[in-house]
Amino acid sequence: MARHTGKLGVAIVGTGGIAQNTHMPGWQQLKGQKVEMVASCDVIEERAQEAAEKFDVPHVFTDYRKVLKMDEVDIVDVCTPNKFHKPITVAALRAGKHVIVEKPMAMTVAEARAMCRAAKKARRKLMVAQSMRFSAETMAMKEFVDSGALGRIYYAHASMLRRRGIPGWGVFTSKELQGGGPLIDLGVHILDLVLWLMDFPEPATVSGVTYQEIGTRKGIGGMGAWDHRNFTVEDHGAALIRFKNGACVMLEASFALNIAENNMNQVFVCGTKGGVSNSPLTFIREEHGNLTTAQPQYLPKIRSHHEEIRQFVDCIRKDTPSPVPGEQAIVTQKILSGIYESAEQRAEVKVR
Ligand SMILES: NC(=O)c1ccc[n+]([C@@H]2O[C@H](COP(=O)([O-])OP(=O)(O)OC[C@H]3O[C@@H](n4cnc5c(N)ncnc54)[C@H](O)[C@@H]3O)[C@@H](O)[C@H]2O)c1
């Protein structure tokens, strides 16, 4: 594929929360750089219309297939519930569009593979919107890890725990539409982050547990009232992931758990010579015979969702690899699917 120096038209498909709060403002910021939103599409017409008015987008649709017929559309930004990521992405790629798709890339490994195949065949860019990779803190973590400061990495921990944070909007409590609960919704963020920091070692086995203890009861708290009668996902999940190189990751994610605080979010990666932790950002290393910790100061203010969009446009313009290639998301999806399988079987399973 050649470099793309001309105008790039963008279509947003699924103009709900994430689209209106982060993606559309992100695209808007690139208006001066020959990047323009040309279509707003949602199955709920008023929502597509509302987004179009808010962000000055000329065309409104309720059917994404009509969007794909527009010659002015070069990029499709898929912000629908997870179930629709694969069909919309594959159709868009087949229509010759570049695609950025929200996380998780898909609900199953087979879906993720089909999306990658479609991108390869169409020779178009496919990026998964793993926004956590694009903050100043995580980019600093990556630089520190890539410098070799950690030595051989053998252990990482990734947790995103909400005390009471069951989403009351969207379809986050529906297994059919999302593929799972906090593991696939929140766990995918931090799992991707540690795998990226560790340079994607090859997974071997996982041992996972999932629980559904709070979401199905008429409970207290939450991020809006959720429908406990139709709560079909786990409310807490955890796993031990073993890699072929001997390293392991401990992962835990919850929508609701009886812990002391809300939002206990932490990622750390440890090696033979040092470590790195995100909350607060801390670099750990052995120096001059001492164990030292350093907290980087004056990091630039970067809005991660805007940065991911900027980097996606950059890869199209320069014809460089996707900043978050689908092939990496296949690995993440294999691990998540393995965790659900292991939880069901109550046994450690191979990652396939
Ligand atoms: N990166 C992040 O931090 C982050 C945060 C929240 C959500 N997300 C992801 O974004 C996606 C959407 O989440 P949300 O919170 O915006 O949900 P939402 O329910 O607010 O918005 C989804 C929108 O998609 C529309 N839709 C459903 N099917 C469609 C179809 N076939 N064609 C067009 N529109 C369709 C819905 O009507 C709705 O307006 C999910 O995959 C979620 O995992 C990512």
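Whatever order the structure lists them in is the order used to number ligands and atoms, beginning at 1. Every heavy atom of this structure was used, including side-chain atoms; hydrogens, water molecules and symmetry mates were not. A quick note: this is a predicted structure, and the numbers were derived from the prediction, not measured.
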Part of [X] within contact of ligand 1 (heavy atoms, under 4.0 Å):
X	answer
Asp185	side chain
Lys103	both
Pro167	neither

Original post:
Which ligand 1 atoms are under 4.0 Å away from a heavy-atom of Arg47?
Top reply: 37 (O), 38 (C), 39 (O)
Original post:
Going by the order shown, which atoms of ligand 1 are within less than 4.0 Å of some heavy atom of Gly17?
Top reply: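 Result: 16 (O), 18 (P), 20 (O), 21 (O).
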Original post:
Does the pair Asp56 and Lys31 meet the rule for a salt bridge (Lys or Arg N to Asp or Glu O under 4.0 Å), with working shown?
Top reply: CA-CA 11 Å; Asp56 199 17; Lys31 212 170 172 178; 3.8 Å; yes
Please verify whether a non-hydrogen atom of [X] lies at under 4.0 Å from ligand 1.
X	result
Gln130	no
His305	yes
His189	yes

Tell me: protein heavy atom nearest [atom], and distance?
atom	result
atom 11 (C) of ligand 1	Thr80 O, 3.3 Å
atom 27 (C) of ligand 1	Pro81 CD, 3.4 Å
atom 32 (N) of ligand 1	Val43 CG1, 3.8 Å
atom 25 (C) of ligand 1	Asp42 OD2, 3.2 Å
atom 4 (C) of ligand 1	Ile18 CD1, 3.4 Å
atom 13 (O) of ligand 1	Phe172 CZ, 3.7 Å
atom 22 (C) of ligand 1	Cys79 O, 3.6 Å

Subject >> Positive for side chain to side chain contact (heavy atoms under 4.5 Å, CB included) with Arg133, one of Val128, Leu197, Asp192 >> reply: Asp192
[X] side chain to [Y] main-chain N or O, any donor-acceptor pair under 3.5 Å?
X	Y	answer
Gln178	Ser174	no
Lys273	Gly148	no
Ser322	Leu126	yes

Subject >> Carboxylate-amine/guanidinium contact Lys125 Asp319, below 4.0 Å >> reply: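 Salt bridge between Lys125 and Asp319, a charged N being under 4.0 Å from a carboxylate O: yes.
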Subject >> Basic-acidic side-chain contact under 4.0 Å: Glu202, Lys244 >> reply: yes
**OP:** Using the six-membered ring wherever Trp is involved, compare the ring planes of His305 and His23 and label them parallel, tilted or perpendicular (cut-offs 30° and 60°).
**Re:**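 Answer is tilted, since the angle falls between 30° and 60°.
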Subject >> Parallel, tilted or perpendicular: ring planes of His98 versus Phe312, cut at 30 and 60 degrees >> reply: perpendicular
Subject >> Within 45° cone of Tyr340 ring axis and under 6.0 Å: Lys175 NZ or CZ >> reply: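 Cation-pi check for Lys175 and Tyr340: passes.
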**OP:** For ligand 1, find out whether one of its N or O atoms is nearer than 3.5 Å to an N or O atom of Glu102.
**Re:**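 Yes, Glu102 has an N/O under 3.5 Å of an N/O on ligand 1.
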**OP:** Name the option, out of Gly16, Gly170, Ala19, that contains the heavy atom nearest to atom 21 (O) of ligand 1.
**Re:** Gly16
